[in-house]
**Student:** 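Structure provided below as structure tokens; questions to follow.
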Amino acid sequence: MSFCVAIDGPAAAGKGTVSRAVAEIFGFGYLDTGLLYRATGAKTFEGLSPIEAAQSLTAEDLQRDDLRSGDAGQAASRVAAIAEVRDALVDFQRAFARRNGGAVLDGRDIGTVICPDAEVKLYITASDEVRAKRRFDELIEAGEKTTLDKVLDDLRERDTRDAARATAPLKPAEDAIIIDTSDMTIDAAVAQVVELIKART
Ligand code: C5P
């Protein structure tokens, strides 16, 4: 049986951490859809066009070491605005969403485009400053040299582009439950999501 948990929201709001924890608790598969766009963006560094990059994406491309960098995030958000790139990635995501045994997908358009009939739809957000601090800590931990101001500017630029694009813009689905994690620990957010899922299973 399939059961889809769709988790959308802006960059560094805690979606990934919540999704991984929830998938583990319920034994669901987890797909970080941002990785598909990051890997597509990273392939353009080698001279492929964004559309060619998306159409030729392999599981190996998703294992690259540089996908978490700020540059890969910016490249992801640029290629993600191209309708043909998004089209090339839809079937894989929809099949994952309806896999047997349940699935958690996080991204920007899961509840609106990829899985509009998801059993649980969430929109996880947090203030710009809280998100920038979380992403800054992650990047420093990963060895990248950056500043909090640069990370904040980067996030805002990416969110503005993601929300303004014509195809599958970042926005909560009409029936999504909005969770603001600004003043919440990730553990508290996970606990809240677990209760929501239990109520629908
Ligand atoms: O979630 P993450 O920060 O890894 O996503 C990188 C970029 O990929 C986002 O800024 C967004 O432009 C794009 N993306 C998207 N749709 C998704 C997931 C990510 O457009 N479902």
Side-chain angles (χ1 to χ4, degrees), residues 4-20 23 29-45 50-51 53-54 57 61-97 103-116 118 121-126 128 130-139 142 144 146 150-173 176 179 181 186:
C4 178
V5 182
I7 304 191
D8 292 305
K15 302 186 301 289
T17 316
V18 170
S19 300
R20 248 186 303 276
Y30 167 51
L31 181 63
D32 168 4
T33 65
L35 266 191
L36 305 175
Y37 295 93
R38 286 173 179 266
T40 302
K43 283 179 86 162
T44 66
F45 298 155
I51 299 172
L57 208 63
D61 294 327
L62 305 181
Q63 311 286 331
R64 291 171 65 131
D65 289 334
D66 56 349
L67 298 185
R68 292 278 159 217
S69 69
D71 286 350
Q74 285 293 348
S77 129
R78 279 192 292 270
V79 300
I82 303 169
E84 291 87 344
V85 165
R86 307 197 71 84
D87 285 348
L89 303 173
V90 164
D91 288 351
F92 175 73
Q93 295 176 81
R94 289 209 172 126
F96 193 94
V104 182
L105 285 82
D106 80 35
R108 305 292 187 287
D109 63 339
I110 309 304
T112 50
V113 174
I114 300 297
C115 198
K121 282 190 200 178
L122 307 171
Y123 188 86
I124 298 190
T125 187
D128 295 1
V130 167
R131 294 188 294 114
K133 177 73 172 75
R134 286 183 192 152
R135 181 50 53 90
F136 173 74
D137 290 345
E138 272 171 27
L139 290 172
E144 195 161 325
T146 189
K150 176 164 187 326
V151 174
L152 183 59
D153 284 351
D154 250 35
L155 282 187
R156 285 186 171 146
E157 188 187 331
R158 205 139 69 81
D159 290 343
T160 305
R161 198 187 292 129
D162 290 348
R165 71 185 175 216
T167 315
L170 165 68
K171 65 166 183 213
I179 300 178
T181 65
I186 291 295

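For ligands, and for the atoms within them, numbers begin at 1 and follow the listed sequence.
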**Student:** Nearest 0.5 angstrom please: Leu139 CG to Arg68 CZ, how far?
**Tutor:** 10.0 Å
**Student:** Tell me which donor-acceptor pairs under 3.5 Å the side chains of residues 79-87 have, and how far apart each pair is, sequence neighbours excluded?
**Tutor:**
unit_1	atom_1	unit_2	atom_2	d
Arg86	NH1	Ala80	O	2.8
Arg86	NH2	Tyr37	OH	3.3
Arg86	NH2	Asp109	OD2	2.9

**Student:** Considering heavy atoms of the protein only, find what lies nearest to atom 13 (C) of ligand 1 and give residue, atom and distance to 0.1 Å.
**Tutor:** Ala80 CB, 3.7 Å
**Student:** According to side-chain contact (heavy atoms from CB on, under 4.5 Å), who are the partners of Ala11, at least two apart in sequence or on a separate chain?
**Tutor:**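 Ala11 satisfies side-chain contact (heavy atoms from CB on, under 4.5 Å) with Arg108, Arg131, Leu155, Arg158, Asp159 once adjacent residues are dropped.
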**Student:** Could you check whether Thr17 and Arg134, counting side-chain N and O atoms only, form a donor-acceptor pair closer than 3.5 Å?
**Tutor:** no
**Student:** When you measure from atom 4 (O) of ligand 1 to every protein heavy atom, which one gives the shortest distance, and what is it?
**Tutor:**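 Among all protein heavy atoms, the one nearest atom 4 (O) of ligand 1 is Arg38 NE, 2.6 Å.
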**Student:** Okay, side chain of Lys121, backbone of Gly111: is any donor-acceptor separation there less than 3.5 Å?
**Tutor:**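 Confirmed, Lys121 side chain pairs with Gly111 backbone.
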**Student:** Distance under 4.0 Å to a non-hydrogen atom of Ala76: what atoms of ligand 1 satisfy this?
**Tutor:** 6 (C), 7 (C), 8 (O)
**Student:** May I ask you to check whether Asp106 has an N/O atom sitting below 3.5 Å from an N/O atom of ligand 1?
**Tutor:** no
**Student:** Quick check for you: to the nearest 0.5 Å, what is the distance between Asp128 atom CG and Arg156 atom CZ?
**Tutor:**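 Interatomic distance, Asp128 CG to Arg156 CZ, rounded to 0.5 Å: 4.5 Å.
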**Student:** Any Lys/Arg nitrogen of Asp162 or Arg165 sitting under 4.0 Å from an Asp/Glu carboxylate oxygen of the other?
**Tutor:** yes
**Student:** Say whether Arg68, considering both its backbone and side-chain N or O atoms, lies within less than 3.5 Å of an N or O atom on ligand 1.
**Tutor:**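 By distance alone, the answer is no.
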**Student:** How far is atom 11 (C) of ligand 1 from its nearest protein heavy atom, and which residue and atom name does that atom have?
**Tutor:** Asp162 OD2, 3.2 Å
**Student:** Quick one: nearest non-hydrogen protein atom to atom 18 (C) of ligand 1, plus distance?
**Tutor:**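 Residue, atom and distance for the closest contact: Thr33 OG1, 3.4 Å.
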**Student:** Ligand 1 versus Arg108, non-hydrogen atoms closer than 4.0 Å: side chain, backbone, both, neither?
**Tutor:** both
**Student:** For ligand 1, is there an N or O atom under 3.5 Å from any N or O atom of Lys15?
**Tutor:**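 So ligand 1 has no N or O lying under 3.5 Å from an N or O of Lys15.
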**Student:** Does any N or O in the side chain of Lys43 come within less than 3.5 Å of the main-chain N or O of Ala54, such that one atom is a donor and the other an acceptor?
**Tutor:** no
**Student:** Can you report which non-hydrogen protein atom sits closest to atom 6 (C) of ligand 1, along with the distance?
**Tutor:**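 Result: Arg158 NH1, 3.3 Å.
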**Student:** Taking non-hydrogen atoms only, is Arg78 closer than 4.0 angstrom to ligand 1 via side chain, backbone, both or neither?
**Tutor:** neither
**Student:** Can you list the ligand 1 atoms lying under 4.0 Å from a non-hydrogen atom of Ser77?
**Tutor:**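 Checking each atom against Ser77, I get 10 (O), 12 (O).
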**Student:** Are any of the N/O atoms on Gln93, whether in the backbone or the side chain, positioned under 3.5 angstrom from an N/O atom of ligand 1?
**Tutor:** no
**Student:** Inspect the contact between Arg161 and Glu157 and indicate whether a charged nitrogen and a carboxylate oxygen are less than 4.0 angstrom apart.
**Tutor:**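 Result for this pair is yes, salt bridge flagged.
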**Student:** Got Pro10 and Tyr123 here, is their nearest side-chain heavy-atom distance under 4.5 Å?
**Tutor:** yes
**Student:** If we only count N/O pairs under 3.5 Å, is Arg86 in contact with ligand 1?
**Tutor:** yes
**Student:** Which residue and atom name correspond to the protein heavy atom nearest atom 14 (N) of ligand 1, and how close is it?
**Tutor:**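 For atom 14 (N) of ligand 1, the nearest protein heavy atom comes out as Tyr37 CD1, 3.6 Å.
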